[in-house]
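Computed over heavy atoms, backbone and side chain alike; hydrogens, waters and symmetry mates excluded. None of these values were measured; they are calculated from a predicted model.
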Amino acid sequence: MSVLLIPIAPLSKTKSRLRDCFSAQQLRDLTIAMFHDLGKTLTQVKCFDKKIVYCNAPEILEITETYDLIGIKEELTTPLKTFDNVIKDLNNIAINQYNAKQTVFTFLDIILISVKNFYEINKLVKNNQLVVCPAIHSAGISILGRNPPDIIPSYFSDPNIPSLIALLNNADNSGIGKIAIYDSFRAGFDIDIKEDLVLAYDYLRILKLTDKEVFRFLNNNLKLSIKKTNANDNRSFKITRRE
């Protein structure tokens with residue numbers, strides 16, 4: 001039993017690093033747009049036995065059936081659980097309630113991910129103990145696959161070490177030998193900070209993904225663009241108001 005797991009933060013907490021770009025309502029709208037896009041992609045993905053969305057927001061849970069997804073309400077605590085504990089809870093639900101033998105975690109903000117990516121990832125998980133797609137712009141993780149699901153915890157909440165490095169260090173220390181690194185631009189690009197928004201808008205356009213809800217949202221709401229500060233250096237740029 002291969003299960004795809006999609007944890008989604010409470011809408012009041014979603015994308016907090018982008019609050020200087022969008023209002024609280026716009027961030028909610030962006031999250032819902034990302035969910036619609038992911039849901040539409042997943043209607044074409046048939047390689048998982050179950051696809052589960054874990055979220056507290058009724059706006060998200062109401063949409064799940066539209067895309068043949070299983071919606072499970074997350075019960076929030078005070079204080080809120082760490083992300084690792086949320087991952088653990090959802091992973092345990094997959095194991096205990098759906099008899100998962102392999103799990104794959106994906107996230108809403110990986111807006112370029114394709115149907116092909118999901119099939120490739122699922123195949124890798126069946127043949128490896130651990131599958132990781134590194135995030136493009138950080139030492140983070142955009143996709144996490146485990147076989148069996150409880151072979152190793154996640155390390156998203158490590159206070160000192162980036163999640164990708166922490167996970168691989170602990171996998172090595174635990175003697176996990178069958179590890180696949182899924183090297184993919186489309187599966188590794190996520191929206192986390194202001195610069196990602198500007199790049200997302202351009203990448204969606206370049207890849208001819210302008211039918212995406214996220215592209216329409218950015219086209220209507222994003223007032224920023226990216227410009228080089230050094231004519232000979234593509235790493236040196238600044239964010240400016242869109243002309």
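- Although no hydrogens or angles enter the test, the distance criterion places a donor-acceptor pair under 3.5 Å between the side chain of Asn147 and the main chain of Val125.
- Arg216 and Glu213 are joined by a salt bridge, as a carboxylate oxygen and a charged side-chain nitrogen come within less than 4.0 angstrom of each other.
- The number of heavy atoms from other shown groups lying within 6.0 Å of CG (Asp20) is above 12.
- Closest non-hydrogen pair, Phe189 versus His137, comes out as CE1-CE1, 3.4 Å.
- Taking all atoms of both residues into account, the shortest heavy-atom contact from Asn99 to Met1 is O-CB, 3.2 Å.
- Nearest heavy-atom pair, Ala171 versus Ile179, reported as atom, atom and distance to 0.1 Å: CB-CD1, 3.9 Å.
- Heavy atoms of other residues, nucleotides or ligands lying less than 6.0 angstrom from CG of Asn173 number more than 12.
- Following chains of ILVMFWY side-chain contacts shorter than 4.5 Å, one can reach Phe83 starting from Ile143, so the two form part of one hydrophobic cluster.
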message: Before you tell me yes or no, could you show the steps for Glu59 and Arg28 under side-chain contact (heavy atoms from CB on, under 4.5 Å), namely the whole-Å CA-CA distance, both residues' side-chain angles and the distance that decides it to 0.1 Å?
response: CA-CA 10 Å; Glu59 299 96 322; Arg28 294 168 73 93; 2.5 Å; yes
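- Under a hydrophobic clustering in which Ile, Leu, Val, Met, Phe, Trp and Tyr are joined whenever their side-chain heavy atoms come within less than 4.5 Å, directly or via other members, Leu164 and Ile176 fall into the same cluster.
- Between the CD1 atom in Ile6 and the OG1 atom in Thr106 there is a gap of 6.5 Å [rounded to 0.5 Å].
- Two residues are said to be in side-chain contact when any heavy atoms from C-beta on lie closer than 4.5 Å; Ile32 and Ile63 meet this criterion.
- Within the 4.5 Å cutoff, the side chain of Leu18 has heavy atoms near those of the Ile191 side chain.
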- prompt: Are Phe215 and Tyr203 close enough, and set up right, to give a ring-ring contact (aromatic ring centres under 6.0 Å, His included), and what steps lead you there?
  reply: CA-CA 10 Å; Phe215 180 82; Tyr203 289 154; over 10 Å; no
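- The neighbour count for Glu65 CD, taken as heavy atoms of other residues, nucleotides or ligands under 6.0 Å away, does not exceed 12.
- We find the CG-OG1 distance between Leu144 and Thr103 to be 7.0 Å, quoted to the nearest 0.5 Å.
- Other residues, nucleotides and ligands contribute more than 12 heavy atoms inside 6.0 Å of the NZ atom of Lys40.
- The shortest side-chain heavy-atom distance between Thr41 and Phe118 falls under the 4.5 Å cut-off.
- Using cut-offs of 30° and 60° for the angle between ring planes, the Phe105 and Phe107 rings count as parallel.
- No donor-acceptor pair closer than 3.5 Å links the side chain of Gln129 to the backbone N or O of Ile151.
- Residues Leu167 and Asp158 fail the side-chain proximity criterion, which asks for heavy atoms closer than 4.5 Å.
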query: Do Asn221 and Leu218 pass the side-chain contact (heavy atoms from CB on, under 4.5 Å) test, and can you show the C-alpha distance, the side-chain angles, and the key distance before you say yes or no?
result: CA-CA 5 Å; Asn221 295 279; Leu218 294 176; over 6 Å; no
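- In terms of hydrophobic clustering, with Ile, Leu, Val, Met, Phe, Trp and Tyr side chains grouped at heavy-atom distances under 4.5 Å, Val214 and Val115 are assigned to a common cluster.
- Atom NZ of Lys194 sits about 5.0 Å away from atom SG of Cys21, to the nearest 0.5 Å.
- Of the charged side-chain nitrogens involved, at least one lies within less than 4.0 Å of a carboxylate oxygen, so that Asp109 and Lys15 count as a salt-bridged pair.
- Using a cut-off of 4.0 Å between Lys/Arg side-chain N and Asp/Glu carboxylate O, Glu74 and Lys81 are scored as not salt-bridged.
- Listed by chain and number, the residues in a side chain to side chain contact (heavy atoms under 4.5 Å, CB included) with Asp172 amount to none (sequence neighbours excluded).
- The OG atom of Ser154 sits 8.5 Å away from atom CG of Asn91, with the distance rounded to the nearest 0.5 Å.
- Taking the side chain as every heavy atom from C-beta outward, Leu27 and Arg19 approach each other to under 4.5 Å.
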- request: Evaluate salt bridge (Lys or Arg N to Asp or Glu O under 4.0 Å) for Arg17 paired with Asp192, printing each intermediate quantity in order.
  value: CA-CA 7 Å; Arg17 296 182 190 176; Asp192 198 32; 2.5 Å; yes
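- Listed by first and then second residue, the ring-ring contact (aromatic ring centres under 6.0 Å, His included) pairs involving residues 48-70 are His36-Tyr67 (not counting sequence neighbours).
- The backbone N or O of Ser157 sits less than 3.5 Å from a side-chain atom of Asp84, completing a donor-acceptor pair.
- Connection of Leu90 to Leu76 is not established within any shared hydrophobic cluster, with ILVMFWY side chains joined at heavy-atom distances below 4.5 Å, either directly or through further cluster members.
- Residues Leu124 and Tyr182 come closest through the heavy atom pair CD1-CD1, 3.6 Å.
- Cluster membership check: Leu4 shares its hydrophobic cluster with Tyr98, using side-chain heavy-atom separations under 4.5 Å among Ile, Leu, Val, Met, Phe, Trp and Tyr.
- For the atom pair Leu207 CG and Leu209 CG, the distance stands at 5.0 Å (nearest 0.5 Å).
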message: One pair to check against side-chain contact (heavy atoms from CB on, under 4.5 Å): Gln102 and Arg146. What are the steps and the verdict?
response: CA-CA 6 Å; Gln102 303 100 36; Arg146 292 179 288 188; over 6 Å; no
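- Minimum heavy-atom separation, Ser2 to Asn122: OG-OD1, 2.7 Å.
- The minimum heavy-atom distance linking Ala166 with Tyr155 is given by the pair CB-CB, 3.6 Å.
- Residues Ile141 and Cys133 form no side-chain contact, since every pair of their non-hydrogen atoms from C-beta on lies 4.5 Å or further apart.
- The OH atom of Tyr201 sits 8.0 Å away from the CG atom of Leu222 when rounded to the nearest 0.5 Å.
- At a threshold of 4.5 Å between non-hydrogen side-chain atoms, the residues Leu112 and Leu204 count as touching.
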Test side-chain contact (heavy atoms from CB on, under 4.5 Å) applied to Ile52 and Ile72, step by step: CA-CA 7 Å; Ile52 300 173; Ile72 296 178; 3.7 Å; yes
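- Although no hydrogens or angles enter the test, the distance criterion places a donor-acceptor pair under 3.5 Å between the side chain of Lys46 and the main chain of Thr43.
- Val131 places a side-chain heavy atom less than 4.5 Å from the side chain of Asn128.
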